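Some notes on the structure that comes next.
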Amino acid sequence: MGSRLTITTPSDYDLTRDVCSYGYFVLAPNLWDTKKNTLTRQLNLETGPATVVLSQSLRGKLSAVFDRKLERTEQTQARAQISRMLRLNEDASHSKAFHKADPRWKKSGRARLFRSPTLFEDVIKTVTSCNVAWPSTVNMNKQMCKHLGKGGCFPTEARVSRTRVGTLRGRCRVGYRDQRILDLAKLFHKGEIDEAWLESPSTDDTDVFDFLKTLPGIGPYAAGNIMMLLGRYSRLAIDTETIRHGKAALGMTGTDRQITKKLEAHYEPFGEFKFKSYWFELWTFYETKQGPSETWDREETATAFTAANF
DNA sequence: GGTAGACCTGGACGC
DNA sequence: GCGTCCAGGTCTACC
């Protein structure tokens with residue numbers, strides 16, 4: 001019989017709404033059950049992988065059911081990873097501050113963006129989303145979990161750092177990103193990424209952004225996206241989808257450079273919550289096209305989300 | 001500081 | 001079923 005943990009959440013936490021809030025919730029090893037409203041995934045723990053099923057039946061509480069018994073230290077690890085993934089550190093007052101800055105989301109309560117249990121997974125997922133259509137991103141993550149992850153887990157930095165580039169390219173289908181992913185894994189494995197510094201409130205956003213851009217495979221878009229994943233929402237991550245959103249939803253015209261400037265100005269009033277305001281606008285647009293995000297099946301969204309759909 | 005071209009994959013399209 | 005074209009962000013070389 002596996003372990004069962006009760007996770008205390010912020011009072012306004014809603015598992016369905018807050019998991020189905022960012023594209024990574026449909027990337028392996030995450031599996032959202034559209035019928036049961038549960039999130040299943042594998043976690044890398046001290047003595048090996050463990051599969052957890054997260055569900056919510058009470059406000060302020062989550063249930064985490066594991067496929068095996070966890071030692072006390074593993075329970076602590078699992079709690080920390082789940083907390084990071086679900087952004088349980090962002091309490092109700094954080095949501096309230098965001099809704100004050102942008103009241104459009106007060107009614108739905110949207111405020112949190114789903115992320116990964118580790119920064120390493122977030123960074124690699126971001127690299128797999130660069131210069132590629134969504135179905136390829138889905139496939140890259142699926143193949144990395146299949147070929148490199150123990151027990152279906154997302155591979156650790158240790159595992160990726162000793163993987164050959166040919167395996168990353170040939171089996172995991174990451175293309176020219178192979179060397180960049182390998183170099184990133186080595187940096188994480190050697191402890192050259194100071195997560196405490198990146199996440200510290202006393203570290204300036206600009207310093208974090210400038211550092212991220214020095215990493216292999218990380219340019220302005222990826223750095224902006226990782227900023228969001230670190231809980232820093234003061235800047236946008238502008239890609240072709242952002243430009244398209246500027247044109248289609250906000251009626252902006254001009255060259256891409258002109259639209260970029262207009263977008264920066266458009267979201268400026270949202271200050272430290274700029275990314276969230278932008279993202280929930282975009283997410284709402286996707287939902288008008290694809291239906292509520294909690295109904296998006298992992299396999300179906302792999303093919304449904306192409307530029308042609310928008 | 002700005003920009004052209006290469007990088008790789010998979011979907012779309014034409015035949 | 002096959003071949004070709006194209007989209008996507010980062011990096012390097014060059015002006």
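It should be emphasised that the depicted structure is a prediction, and the values quoted were computed from it without experimental measurement. Here is the naming used below: chain letters follow the sequence lines, and residue numbers restart at 1 for every chain.
- Between A:R110 and A:E287 a salt bridge is recorded (basic side-chain N to carboxylate O distance below 4.0 Å).
- One finds no salt bridge joining A:E264 and A:K261 here, because no Lys/Arg side-chain nitrogen approaches an Asp/Glu carboxylate oxygen to under 4.0 Å.
- The distance from atom CZ of A:R169 to atom C1' of B:dG10 is 15 Å, rounded to the nearest whole Å.
- In this structure, A:I181 atom CD1 and B:dC7 atom P are separated by 18 Å, rounded to whole Å.
- Between A:D12 and A:R112, at least one side-chain nitrogen of the basic residue sits less than 4.0 Å from a carboxylate oxygen of the acidic one, meeting the salt-bridge criterion.
- The separation between A:R171 atom CZ and B:dT9 atom P is 15 Å, rounded to whole Å.
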task = Start with the C-alpha gap between A:R84 and A:E121, add the side-chain angles, then the distance that decides, and say whether salt bridge (Lys or Arg N to Asp or Glu O under 4.0 Å) holds.
result = CA-CA 12 Å; A:R84 186 185 194 281; A:E121 184 177 331; over 6 Å; no
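- Distances shorter than 4.0 Å separate none of the side-chain N or O atoms of A:S129 from OP1 or OP2 on C:dG8.
- For the residue pair A:Y286/A:S293, the side-chain donor-acceptor check at 3.5 Å is not satisfied.
- Atom CG in A:D178 sits roughly 9 Å away from atom C1' in B:dC8 (whole-Å rounding).
- Between A:S136 and the phosphate of B:dG10, there is no side-chain N or O to OP1/OP2 separation shorter than 4.0 Å.
- The separation between A:R173 atom CZ and B:dC7 atom P is 17 Å, rounded to whole Å.
- Taking 4.0 angstrom as the limit, A:R257 places a side-chain polar atom (N or O) nearer than this to OP1 or OP2 of B:dT3.
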Could you walk me through whether A:D205 and A:R232 satisfy the salt bridge (Lys or Arg N to Asp or Glu O under 4.0 Å) test, starting with their C-alpha distance in whole Å, then the side-chain angles of each, then the deciding distance to 0.1 Å, before giving a yes or no? CA-CA 7 Å; A:D205 278 357; A:R232 298 174 181 272; 2.6 Å; yes
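- Taking atom CG of residue A:N131 and atom C1' of nucleotide B:dC8, one finds them 8 Å apart after rounding to whole Å.
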Readout for nucleotides 10-15 of chain C: B = base within 4.0 Å of protein heavy atom, S = sugar-phosphate only, - = neither; 5' to 3' it is SS----
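- Between the CG atom of A:L212 and the P atom of C:dG9 there is a distance of 18 Å, rounded to whole Å.
- In summary, the aromatic rings of A:F273 and A:H99 are positioned with their centroids too far apart to meet the 6.0 Å limit.
- Regarding A:N225, its CG atom lies at a distance of 14 Å from the C1' atom of C:dG8, rounded to whole Å.
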